[in-house]
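Because the structure is predicted, anything quoted here is derived from the model rather than measured. Each ligand, and each atom within it, is numbered from 1 in the order the structure gives.
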Amino acid sequence: MGSMVQDHHSSLQPQWLQTGTLWSKIRLQTQHALDCGALQPIPTTYDWVEQNGIRFVVRILANLQRKVAAKESQPKNFNPFLPYDPNLFVTDLSPTHLVLLNKFNVMDHHLLIVTREFESQDDCLTTQDFQSLALGLSEVDGLAFYNGGPKAGASQPHKHIQIVPLPFVPDGSRLPIESLLLENTVSAQAGTNPRLPFLHLITRFEKLDFTQPKTLSMYLLEAYRHLMISLNLMSIDSTKCSQGAYNLLMTREWMCIVPRSQEGFGDIQINALGFAGALLVRNPEQLAYLQAVGPLTVLQNVGCPA
Ligand code: AMP
């Protein structure tokens, strides 16, 4: 198994991903990481919770002990992505980014696209980020997401974009509230849905051309900047810092930005997946609380006023 693992600190230059190879690398490395115990999936059950006729999938964690224990045994400023665990390394994507398996995955094949050098999760996304993201999405039909800052659900300060393959729910549902997100938007124009009680902005793409990664990454960066500037998360003359926490969600068909006011409501934590209609609770008590207050109310409270 050792031969599968590449060493980035050797003299070899990081390679671009060879087209059509990502899935086989993911499968091989997942098996290896499970066999050696590096990958520690967190088992869940799931249920549906509805509010205003809108259905959310809620995953209920069976056991968080290993993740909690791992966190408690880590030194204070531990960075799990630099250096990363070679047993979780999937592949180089580009000279600036690589792919890791999410160590504590709730969904199968949950990928992290991390920067090779340290960059802050509070920094805005760059052309290189979108180039890597587009490469990842061209190989894996998934939901890409970014938790921009701790208030948006980020637990690690080293820049990491995430991809979970679709469909999202074990019953085959692609993404629980995708059709609702897209209800009011037409191609290439930013739109919102007034049925969603939190500030958000969505762009639906014309068909993306994954064969032209450079042009595509410029297009995606422009779409992102347009949404961020429209939501006052970035100033017009800035290519750098964002001015607040936000979640980015993106598929091959659309991109959505949701500004954030807080990390959680009650003791339910929300990251980008919440705005795709997928929530996570730690125990049956939290599920009961969520059923009582309603998922839309939770999202309204962790988002910003629409
Ligand atoms: P977030 O919590 O959204 O910032 O995403 C960071 C992810 O990194 C979490 O989902 C963790 O499960 C995952 N993680 C934590 N430690 C490691 C590690 N050593 N290697 C890979 N993934 C990790």
Quick one: does ligand 1 sit under 4.0 Å from the side chain of [X], the backbone, both or neither, non-hydrogen atoms only?
X      : value
Gln121 : neither
Leu101 : backbone
Leu100 : neither

Between [X] and [Y] (side chain of the first, backbone of the second, donor and acceptor by atom type, cut-off under 3.5 Å), is there such a pair?
X      : Y      : result
Ser261 : Gly303 : yes
Arg260 : Pro150 : no
Arg252 : Leu208 : no
Asp92  : Ser94  : no

Checklist line | Per atom 19 (N) of ligand 1, closest listed option by heavy atom (Gly153, Gly149, Ala33, Pro80) | finding: Pro80
Next item on the list: Any atoms of ligand 1 less than 4.0 Å from a non-hydrogen atom of Leu88? List them with their elements.
Entry: 20 (N), 21 (C)
Item checked: Element-labelled atoms of ligand 1 that are located less than 4.0 Å from some non-hydrogen atom of His160 -> 1 (P), 3 (O), 4 (O), 5 (O), 6 (C)
Return yes when [X] approaches ligand 1 closer than 4.0 angstrom through a heavy atom, no otherwise.
X      : answer
Phe81  : yes
Asn271 : no
Asp85  : no

Check: Hey, do the aromatic rings of His200 and Phe275 have their centres closer than 6.0 Å?
Finding: no
Next item on the list: Sort and list the pairs that fulfil side chain to side chain donor-acceptor pair (under 3.5 Å) and have at least one residue in residues 288-306, not counting sequence neighbours.
Entry: Gln51-Thr297
Next item on the list: Output every pair passing side chain to side chain donor-acceptor pair (under 3.5 Å) with a member in residues 166-178, not counting sequence neighbours, ordered by first then second residue.
Entry: Asp171-Ser173, Arg174-Glu178, Arg174-Glu253, Glu178-Trp254
Note to self: Below the 3.5 angstrom mark, is there an N/O of His110, backbone or side chain, next to an N/O of ligand 1?
What the structure shows: no
Note to self: Side chain or backbone, does Lys103 bring an N or O within less than 3.5 Å of an N or O on ligand 1?
What the structure shows: yes
Next item on the list: Classify the angle between the aromatic ring planes of Phe89 and Tyr84 as parallel (below 30°), tilted (30 to 60°) or perpendicular (above 60°).
Entry: parallel
